[in-house]
Amino acid sequence: MKNKIKKYVLAISMCIGLTACSDFFEPVPGIQEDLESTFSSRVTTEQYLNNIYSYVRDLTREGNPENSGGIFTASSLEAGIIWEKPQRQWNLGTANAGTDFVKYWFVDFYKGIAKVSTFLQNVDRCQEATPNQRAKWKLEARALRALFYFELFRIYGPIPIIGEDPIATDAPLSEMIKERNTVDQCVEYIASELQKVIDEGDGILDNQTTLSNMGRINIAACKALKAKLYLYWASPLFNGNTDYTSIQNEDGTQLFPQTVDNDKWRIAKEAYQQFIAYADQRSMKLAKVYRSDGTLDPYASYRAVTEFYTTDLAPAITELVFVKMTSFWDYRYWVAPKFSPTPTDGNISGGGGFYTTQETVDLFFTNNGLRIADDASYDNFDGVPSANNFASGIYYDPHNPDRQLFNGDVAKVLKQWKDREPRFYANITYSGSTWINEGQQGDGKLPTDFTNGGNCGMSKSSGDCPTTGYLVRKGALATGNNGSNHFSPLIRMADMYLGYAEALCMYNGNGDLDTALKYLNEIRNRAGIPEYSFTAESGKIVCPKTQADLLNRIRRERLVELVFEWNHYFDVRRWKVADGTNDPDSWVYPEYHKGGEGGQIYGMNMQKNYPEFFEKIVCETRVFDKKYYFLPIPDEDIRRIPTLVQNFGWKSE
């Protein structure tokens, strides 16, 4: 690899120009040691590895990029945050290469990468640990480094790959990072590192996630990450992206391949195939929860892996491929409505500020498994709704009559929110919905009334309410208030099934559509909605047997199934539809929405009461330019390292 350079270093005083020397190596938690002392003890050696794990991202820290978090839900069309967060700058188009949050991942992931190299170079000093334990630690660290590179790759595009040998502590910056590697070089390196862990990890790394090792990387996670890497590599953003022709190193090397290589889909398909075979052998599968009568409960099944705080992980453990174990109370607060008056059980109430959009609401299917535009039973209207557009009575989950979803007699509820698929009710808090947390002190089934004068509306909540009238519900606590210790799902089987279906659909020109359909239907079956079929079949929905038609359905399913899990932001980019083009059939964006990830964003009229509240209006306008497909390389590093070329459309500020 032509621009590999010798790896970041052994000395604590070392820095790479991405951050100040004083904070490059944080001390091992609770201990300030030199490297010799640190790696002589089993306890401090393992603490050092745990510190490397701290760089793994946490999707529940949305809006906290400086603290292992991100901006990737509320900087997409999926959502927004009412408080002043980096997402606002990104969505309004005011961010630039010098904006603070732009550098957080560039800094943190390279910190983690450097620490991995230091760990690998020193761990064998720890004679208190057995050779097998040290071997396991090395494999975990190497896999984490590959993960950090993958994250950098999908956030910033092709990035510099650093060599493994130590260098002098006084080496100038120009010897540490010279230039960016190409897309193909980055993928080759990350894939080879993961394969090395896979090859050497048999019998050393735990083969499957269990309750006792949650959050630790293993062979399944490495196989899954390798498949996802290849999925990105095969996708239009990285495969023949002629928009990026001008992005070249000083010697003329183009960072993005300029011709489409369809064989990359075959490579992605085979990587997914290897993961699926491995997972099947170990009974890794979609979580499913059954009622006492033996029938599937789709809502409970989906919540099992997306509640995050659940105390009973038995149903979820088979689906969780890799998670981040975390302690972050704020997320529970963000997704809980701010009720006024405060319920008897104060634990029920929250900040009500993590909102979703009308566009995201409209992506969910009806309980007939159809898009709302395709379902004649969907109650469509224009302007302010009339009395006929509202539901009455108590509405129970059709799959579980003990679960109340709303009571139309105590709060106004649009018929549009009735008879939707189970994932809709697990992910969206709409006005009039029954709040998921009934409390411990007799508060019971509270309606969430977001109308202006409602119990969690604008006038009652002092403005701490969803801008669009829709609150994110995924991960909301069903009981209590202990929202700190939980898990953040980074890769789960549903993600892998849908990635496999996409690769199967796309490879070899025409794809393996039959097998792709099988894995797409695995997701729909668990979701409790009718499956697709290429032929007329009772109880199923016909999908024309073409690559384009099946791909559309795979994409929509992915946007729904993985909503609010940091996939939408990256998926619409790798598909190259985020600028509003290449979606002629409105499977990625609703037909009325123009501008892709930008444009006018719709929701309820929060300043009004019934019935005007329920009129869909423009709540905000966002900006998306083609340069927003990647974050810019931080300006300070472009200035320090002149050979480090900037991303398309960005400039020094």
Side-chain angles (χ1 to χ4, degrees), residues 59 61-67 69-106 154-157 243 330 334 351-361 458 463-472 563-564 566 568-573 576-581 583 588-590 592-607 616-636 638 646-653:
L59 65 86
R61 291 180 186 264
E62 176 75 22
N64 290 268
E66 74 283 6
N67 192 11
I71 62 170
F72 305 115
T73 292
S75 287
S76 76
L77 194 64
E78 284 185 325
I81 296 177
I82 64 171
W83 304 291
E84 191 64 45
K85 295 285 185 180
Q87 291 91 333
R88 183 167 298 180
Q89 291 175 281
W90 187 249
N91 292 333
L92 294 179
T94 60
N96 57 56
T99 303
D100 276 350
F101 77 83
V102 162
K103 68 184 179 183
Y104 288 136
W105 303 280
F106 204 74
R154 68 178 187 163
I155 294 171
Y156 298 99
D243 289 339
D330 290 23
W334 293 345
F354 196 14
Y355 64 91
T356 187
T357 64
Q358 185 70 52
E359 285 84 346
T360 297
V361 167
M458 183 174 290
D464 287 344
C465 56
T467 300
T468 57
Y470 295 103
L471 200 59
V472 172
V563 67
F564 313 136
W566 284 2
H568 177 115
Y569 177 97
F570 296 105
D571 283 335
V572 296
R573 282 165 169 77
K576 282 196 74 180
V577 300
D579 57 359
T581 60
D583 182 33
V588 174
Y589 300 104
Y592 60 82
H593 177 79
K594 308 301 178 185
E597 294 301 290
Q600 294 180 329
I601 310 298
Y602 290 83
M604 300 288 97
N605 193 341
M606 291 292 292
Q607 296 184 13
K616 298 177 182 64
I617 65 166
V618 175
C619 295
E620 58 183 291
T621 300
R622 296 184 180 181
V623 173
F624 188 89
D625 186 88
K626 277 195 173 184
K627 68 182 182 181
Y628 274 48
Y629 274 99
F630 292 108
L631 262 68
I633 304 298
D635 182 60
E636 61 190 71
I638 293 290
Q646 185 55 278
N647 273 332
F648 172 85
W650 297 99
K651 61 182 180 179
S652 295
E653 299 296 330

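Just so it is clear, the structure is predicted and the values come from calculations on it, not from any experiment. Numbering starts at 1 and runs along the sequence shown. The analysis underlying the following values was restricted to heavy atoms, covering all of them including side chains, and did not include hydrogens, waters or symmetry mates.
- For residues 594-603, the pairs satisfying side chain to side chain donor-acceptor pair (under 3.5 Å) are H568-E597, Y589-E597, Q600-Y602, with sequence neighbours left out.
- The minimum heavy-atom distance linking T357 with A79 is given by the pair CG2-N, 4.3 Å.
- Heavy atoms only, all atoms of each residue included: A74 and G80 are closest at CB-CA, 3.7 Å.
- Between the side chain of T99 and the backbone N or O of N96, at least one donor-acceptor pair lies under 3.5 Å.
- When all heavy atoms of L471 and W334 are compared, the closest pair comes out as CD1-O, 4.0 Å.
- You'll find the side chain of S75 reaches within 4.5 Å of the side chain of N91, heavy atoms only.
- The shortest heavy-atom contact between R573 and A578 is CG-CB, 4.2 Å.
- Expressed to the nearest 0.5 Å, how far CZ of F564 lies from CD of E62 amounts to 10.5 Å.
- Going from atom CZ of F101 over to atom CG of N64 covers 13.5 Å, rounded to the nearest 0.5 Å.
- Less than 6.0 angstrom separates the ring centroid of W650 from the ring centroid of Y628.
- The closest side-chain heavy-atom distance from E359 to Y592 is below 4.5 Å.
- With hydrogens and angles disregarded, no donor-acceptor distance shorter than 3.5 Å links the side chain of D583 to the backbone of V577.
- Surrounding CD of Q607 are at most 12 heavy atoms belonging to other residues, nucleotides or ligands under 6.0 Å away.
- Counting only heavy atoms from C-beta outward, the side chains of L59 and R61 never approach each other to under 4.5 Å.
- Counting only distance, with no hydrogens or angles, the side chain of Y104 and the backbone of G69 share no donor-acceptor pair below 3.5 Å.
- Between the CG atom of L77 and the CD atom of Q358 there is a distance of 11.0 Å, given to the nearest 0.5 Å.
- A distance of 7.5 Å separates CG in D635 from CD in Q646, rounded to the nearest 0.5 Å.
- The shortest distance between side-chain heavy atoms of V563 and E78 falls below 4.5 Å.
- Atom-to-atom distance recorded for E636:CD and D100:CG is 8.5 Å, nearest 0.5 angstrom.
- Annotation: side-chain hydrogen bond (donor to acceptor under 3.5 Å, both in side chains) contacts of T467 (sequence neighbours excluded): none.
- Proximity of a side-chain donor or acceptor of W105 to a complementary backbone N or O of Y156 within less than 3.5 Å is not detected.
- Looking at every heavy atom in both residues, K626 comes nearest to D243 through NZ-OD2, 3.4 Å.
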Apply side-chain contact (heavy atoms from CB on, under 4.5 Å) to W90 and F624, showing your working. CA-CA 9 Å; W90 187 249; F624 188 89; 5.8 Å; no

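- The line from CZ of R622 to CD1 of I601 is 5.0 Å long, rounded to the nearest 0.5 Å.
- Side-chain contact between I155 and F570 is present, with heavy atoms from C-beta onward closer than 4.5 Å.
- Using a 4.5 Å heavy-atom threshold, the side chains of T360 and Y470 count as separate.
- Shown here for M606 and C465, the closest heavy-atom pair between the two residues is CE-SG, 3.5 Å.
- Judged purely by atom type and a 3.5 angstrom limit, N647 uses its side chain to pair as donor or acceptor with the backbone of L631.
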